[in-house]
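In what follows, a single structure is set out as structure tokens and then discussed.
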Amino acid sequence: MAVFGLWTADCAVGCNNGGMTTRAAILGPTGYAGAELIRLLLGHPEAEVTYLASHRDELPDLRVEYPRLAAALDPAVAVARPVDPGAIAAAADVAFLALPHKASMSYAPALLDAGLRVIDLSADYRLSSVELYESVYGVEHVDADRVAETVYGLPEFFRERITADTRLLASPGCYPTAALLGIVPLMRGGLVDPASLIVNAASGTTGAGRSAKVGLLHAEANEGFAAYGTIGGHRHQPEIGDVLEVLGYPGVDPLFVPHLLPVDRGILATIYGTPRAGVRLEDVGRAFEVAYGGEPFVHVVDHLPSVKHVAGTNHVQVSFRLAETGSGSRLVVFVAEDNIVKGSSGQAIQAMNLMFGHEEGCGLMGV
Ligand SMILES: NC(=O)C1=CN([C@@H]2O[C@H](COP(=O)(O)OP(=O)(O)OC[C@H]3O[C@@H](n4cnc5c(N)ncnc54)[C@H](OP(=O)(O)O)[C@@H]3O)[C@@H](O)[C@H]2O)C=CC1
Ligand SMILES: CC(=O)N[C@@H](CCC(=O)OP(=O)(O)O)C(=O)O
């Protein structure tokens with residue numbers, strides 16, 4: 001399973017080499033997101049993996065779990081240790097929680113109390129209200145007081161909130177990252193009828209995590225392609241709407257339809273909307289240029305992007321078309337990202353860079 005790189009980052013690109021090192025702990029290192037954090041941090045010239053924490057009784061050796069890591073992982077770190085907040089705080093500055101939702105919120109308070117800064121890759125702190133979280137995830141939030149104050153770690157739209165003062169950061173969902181990068185410029189430009197927006201997205205199988213599921217067996221998923229879940233009821237549907245509301249677009253709730261794509265990694269989101277009267281292709285181009293002209297990781301391209309163009313990287317490719325049909329104009333936006341890099345672990349490191357004073361692209365600029 002090719003979770004690990006198709007390439008190795010050119011580590012020096014995008015770093016200030018100011019001599020500072022951020023020490024990172026990873027909870028959930030045996031999962032796909034955790035392992036990808038290890039891979040990316042091993043290539044980060046200003047970060048160091050100092051503690052891998054597992055809940056297993058028999059603590060895993062990451063060189064055995066992911067043999068590709070054996071070449072680079074410090075033997076003193078490779079065997080995971082227990083989830084002991086005091087010991088983690090002694091070894092690290094930041095704890096990445098690469099854990100399922102519901103598990104993260106049970107660990108975050110003790111880690112924060114121990115003095116760590118926390119970057120949570122799960123959904124536990126992403127939504128803006130406890131009520132919304134509890135209705136979507138069907139459980140009581142055990143750390144409710146922190147929900148409203150947590151920073152949503154999508155730098156392209158919340159960069160000014162991701163700072164040296166950020167103690168708890170919720171890294172965005174993989175599908176919401178792609179959907180929001182495609183939709184927000186359209187909303188800012190007033191280019192589409194919000195009620196017409198549909199997000200049709202397909203994810204590689206690593207998006208479903210590493211635990212065994214029948215639908216992810218090679219014989220079930222390979223050579224197939226289908227939508228899944230409850231259409232309009234996937235847990236990322238409310239995350240997309242909630243972030244749009246926070247950004248000033250209340251009531252915009254694009255229909256989200258997820259599909260399982262039989263590749264290891266990658267998401268392609270195809271976003272449809274009805275353009276407002278008089279909107280021209282140049283208007284759309286200008287809106288994306290304004291949004292992403294200065295962004296290190298979001299690239300507006302002419303070609304139709306593929307998951308293959310961004311696999312293994314923190315880069316996102318965005319393209320758009322205005323199509324004339326017998327029943328009127330349709331605006332179509334295409335967003336390609338790697339679900340476990342820009343969709344989770346890379347994006348989490350992008351946020352870490354901002355939180356700890358590294359150049360935003362440090363360790364992530366390679367293609
Ligand atoms: N995969 C992706 O593309 C993306 C993932 N995410 C999010 O990142 C998080 C991790 O995802 P992913 O790596 O795919 O998931 P995996 O299922 O692959 O990994 C989960 C990890 O969490 C550990 N774990 C499970 N339950 C507990 C617990 N109660 N206490 C401590 N550790 C636990 C697992 O350990 P063990 O091996 O022992 O079971 C494993 O290391 C999830 O919240 C996911 O939604 C976000 C965006 C994209
Ligand atoms: C293919 C697949 O199953 N994908 C997952 C979403 C990916 C994920 O990890 O969810 P978060 O981004 O919220 O953490 C799903 O549909 O539930």
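Every value quoted in this text rests on a predicted model; they were computed, and no experiment measured them. One-based numbering along the sequence shown.
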- Task: Share the residues that join L217 in a hydrophobic cluster, the rule being Ile, Leu, Val, Met, Phe, Trp or Tyr side chains under 4.5 Å apart at the heavy-atom level.
- Result: V214
- side-chain hydrogen bond (donor to acceptor under 3.5 Å, both in side chains) partners of residues 144-153, not counting sequence neighbours, each pair once: D143-R146, Y152-E239
Review item, side-chain donor-acceptor pairs of residues 360-367, under 3.5 Å, at least two apart:
unit_1: E360; atom_1: OE1; unit_2: R159; atom_2: NE; d: 2.8
unit_1: E360; atom_1: OE1; unit_2: R159; atom_2: NH2; d: 3.4
unit_1: E360; atom_1: OE2; unit_2: R159; atom_2: NH2; d: 3.0
unit_1: E360; atom_1: OE2; unit_2: Q350; atom_2: NE2; d: 2.8

Side chains of residues 240-247: which donor-acceptor pairs under 3.5 Å do they make with residues two or more places apart or in other chains?
unit_1: D242; atom_1: OD1; unit_2: S128; atom_2: OG; d: 2.7
unit_1: D242; atom_1: OD2; unit_2: S128; atom_2: N; d: 2.7
unit_1: D242; atom_1: OD2; unit_2: S128; atom_2: OG; d: 3.3

- Without hydrogens or angle criteria, can the side chains of T22 and H358 be said to hold a donor-acceptor pair below 3.5 Å? yes
- Query: Using the benzene-type ring in the case of Trp, are the ring centres of H309 and H315 under 6.0 Å apart?
  - Reply: no
- Any pair with a residue in residues 85-99 that passes salt bridge (charged side-chain N to carboxylate O under 4.0 Å, His left out), sequence neighbours left out, goes on the list, sorted by first then second residue, please. R23-D93
Name each donor-acceptor pair under 3.5 Å that joins a side chain in residues 167-188 to protein atoms two or more places apart or in another chain, with its distance.
unit_1: R167; atom_1: NH2; unit_2: G115; atom_2: O; d: 3.4
unit_1: R167; atom_1: NH2; unit_2: L116; atom_2: O; d: 3.0
unit_1: Y175; atom_1: OH; unit_2: Y228; atom_2: OH; d: 2.8
unit_1: Y175; atom_1: OH; unit_2: H259; atom_2: O; d: 3.4
unit_1: T177; atom_1: OG1; unit_2: G173; atom_2: O; d: 2.8
unit_1: T177; atom_1: OG1; unit_2: Q347; atom_2: NE2; d: 3.0

- Query: Is it the case that Q237 and D253 place a side-chain donor and acceptor less than 3.5 Å from each other?
  - Reply: yes
Donor-acceptor contacts under 3.5 Å from residues 326-334 side chains, at least two apart:
unit_1: S327; atom_1: OG; unit_2: T325; atom_2: OG1; d: 3.4
unit_1: S329; atom_1: OG; unit_2: E324; atom_2: OE1; d: 2.8
unit_1: S329; atom_1: OG; unit_2: E324; atom_2: OE2; d: 2.8

- Task: Could you list the residues that satisfy side chain to side chain contact (heavy atoms under 4.5 Å, CB included) with P100, not counting sequence neighbours?
- Result: A103
- Message: Strictly by side-chain hydrogen bond (donor to acceptor under 3.5 Å, both in side chains), give each pair with a member in residues 96-108 just once, sequence neighbours left out.
- Response: S104-D120, S104-S122
- Task: State which residues pass salt bridge (charged side-chain N to carboxylate O under 4.0 Å, His left out) with E48; sequence neighbours excluded, sorted by chain then number.
- Result: none
- Message: For R81, give me all partners under salt bridge (charged side-chain N to carboxylate O under 4.0 Å, His left out), at least two apart in sequence or on another chain.
- Response: none
- Can you name the residues that form a salt bridge (charged side-chain N to carboxylate O under 4.0 Å, His left out) with E223, not counting sequence neighbours? none
